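Data block below; observations after.
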There are 2 protein chains.
Amino acid sequence: MNTDIFEFKRPGVAVDVILFGILDKNLKVGLIQREEEPHLNKYALPGRFVRYEEPIEDTAKMALKLKGGINPEVVFSEQLYTFGQDLKRDTRIRTISIVYYGLIDSQKIDFQSGNKFKWYSVYDLPQLAFDHNAIIRYALERLCKKIKEWEDVAFQLMPKEFTLTELQNTYEIILNEKLDKRNFRKKILEQNILKELKKKKMEGVHRPAGLFSFIRQR
Amino acid sequence: MNTDIFEFKRPGVAVDVILFGILDKNLKVGLIQREEEPHLNKYALPGRFVRYEEPIEDTAKMALKLKGGINPEVVFSEQLYTFGQDLKRDTRIRTISIVYYGLIDSQKIDFQSGNKFKWYSVYDLPQLAFDHNAIIRYALERLCKKIKEWEDVAFQLMPKEFTLTELQNTYEIILNEKLDKRNFRKKILEQNILKELKKKKMEGVHRPAGLFSFIRQR
DNA sequence: ACAAAAGTGTTGTCAGTACACCCATGG
DNA sequence: CCATGGGTGTACTGACAACACTTTTGT
């Protein structure tokens with residue numbers, strides 16, 4: 001029966017992470033350039049093999065940290081899907097890939113020290129290693145679905161304090177469509193997930209905007 | 001870097017399958033009694049370690065076939081989630097579990113030869129091995145969500161030909177709530193996923209019911 | 001003729017959408 | 001005083017929910 005459990009040749013298990021951020025008013029993903037075969041020099045999602053004594057969420061965090069030079073504590077992440085159909089996905093060993101997506105407030109990205117990410121718009125990706133293009137498309141679909149169902153994930157992409165217009169911009173960038181200002185505000189406010197701060201954002205030659213933050217902190 | 005890829009001690013990867021079926025007007029899951037440690041003799045979901053040269057969907061099918069004696073070709077299945085946080089989940093080796101759920105028309109279950117499943121109502125489960133109780137709860141949640149969004153998965157639990165009342169019963173059993181007959185029919189028919197057969201189901205002392213089948217076959 | 005399930009339409013309610021004007025500020 | 005984005009309310013529309021009676025059959 002199963003008692004040969006120690007005998008099976010085990011597939012490798014990797015975690016790949018799609019890190020989304022809003023940069024230059026675009027939804028971008030963090031990619032790294034591969035430094036080894038297969039797909040040497042191609043861009044790819046940061047990934048890492050799951051160590052024997054490593055919970056898979058830790059693997060995701062380590063991938064972000066080691067491959068991208070990002071502090072994983074400022075990233076919200078969730079499991080997306082596990083790809084394990086294609087035996088030849090990785091040419092070295094048979095690999096099963098558990099894919100996470102992550103959301104980061106781009107202000108928290110340290111563009112100096114050791115940051116290895118290149119940020120590409122999800123709508124303008126280079127040809128990536130493995131099946132990473134398809135994986136990103138899938139992740140984007142899921143993210144859009146969550147946003148459309150008003151699951152409160154967008155604030156993971158926002159700074160702590162923000163105006164309603166900034167939040168709306170984030171929604172619009174993800175969904176890739178314009179939203180109505182009044183309807184957006186009505187809907188987002190009636191969910192009671194925001195608290196209005198007693199501050200205004202004074203910026204530009206116009207009426208100052210009220211600042212909000214999410215009630216449930218990260 | 002990663003070049004020690006052949007050196008890592010690899011976690012085991014298993015696939016577990018939650019097989020749902022409607023029996024005795026109840027939503028039930030197929031469980032097997034474990035024949036080995038850990039959790040010897042406890043009931044559990046059918047599962048199997050992923051072999052090196054085995055796509056994970058094949059692993060799911062093999063689990064159904066070998067552990068449950070079910071022909072996997074008559075089962076619709078989809079990936080649910082991958083559990084890989086708990087290092088001590090399986091006491092033998094560190095195991096990551098990719099969980100699938102499956103739907104079967106219970107008329108296709110062969111209760112004779114070699115069928116090892118015991119069927120338990122999802123609302124009345126025994127204490128199961130590993131974290132399988134929690135996994136089933138999670139699967140049920142996802143199934144309900146799909147049904148509520150009118151994703152057409154219910155017909156995987158139905159025979160080829162069925163009446164609208166029978167289909168509605170399936171919805172009601174899964175959701176565990178009564179639905180309005182007229183609203184249900186309106187909603188299901190306007191989706192154009194059913195074709196009305198030129199047959200009636202003559203049964204009982206009452207007006208015969210029209211038979212339907214799904215347009216998109218399995 | 002009766003019991004039992006099949007089949008069928010209308011109305012009210014609520015959420016979502018569309019839409020236009022005044023407000024506060026800096027220069 | 002003007003340009004700029006911030007901020008606000010109402011009316012329409014379409015989807016969903018509630019609800020009751022007639023039809024067809026076997027006995």
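Chain identifiers are assigned alphabetically (A, B, ...) following the order of the sequence lines, protein sequences preceding nucleic acid strands; residue numbering begins at 1 within each chain. Just so it is clear, the model here is predicted, and its values are computed rather than measured.
- Of the possible donor and acceptor atoms, none in the side chain of A:R34 sits under 3.5 Å from a partner among the backbone N and O of A:I32.
- Atom CZ in A:F184 sits about 14 Å away from atom C1' in D:dG6, given to the nearest Å.
- Put simply, CG on B:L179 is 13 Å from P on D:dC16, counting in whole angstrom units.
- Between B:F155 and B:R216 there is a side-chain heavy-atom pair separated by less than 4.5 Å.
- Using a distance-only test at 3.5 Å, with no hydrogens or angles considered, no donor-acceptor pair links the side chain of B:S97 to the main chain of B:V99.
- With rounding to whole Å, A:E203 atom CD is found 12 Å from C:dT25 atom C1'.
- C:dC14 atom C1' lies 11 Å from atom NZ of A:K187, rounded to whole Å.
- Qualifying salt bridge (Lys or Arg N to Asp or Glu O under 4.0 Å) partners for A:E196, counting only residues two or more places apart in sequence or in other chains: none.
- The distance from atom CG of A:N169 to atom P of D:dG5 is 11 Å, rounded to the nearest whole Å.
- The interatomic distance linking A:L167 (CG) with D:dG6 (C1') rounds to 15 Å, in whole Å.
- Atom pair B:M202:CE and D:dG26:C1' shows a separation of 9 Å (rounding to whole Å applied).
- Aromatic ring centres of A:F214 and A:F162 lie closer together than 6.0 Å.
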**Q.** Where protein sits on nucleotides 5-13 of chain C, one letter per nucleotide: B base, S sugar-phosphate only, - none, heavy atoms under 4.0 Å
**A.** BBBBBB---
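- Between the CH2 atom of A:W150 and the C1' atom of C:dA15 there is a distance of 12 Å, rounded to whole Å.
- Side-chain atoms of A:D24 never come within 3.5 Å of backbone atoms of A:N26 as a donor-acceptor pair (strictly under, hydrogens ignored).
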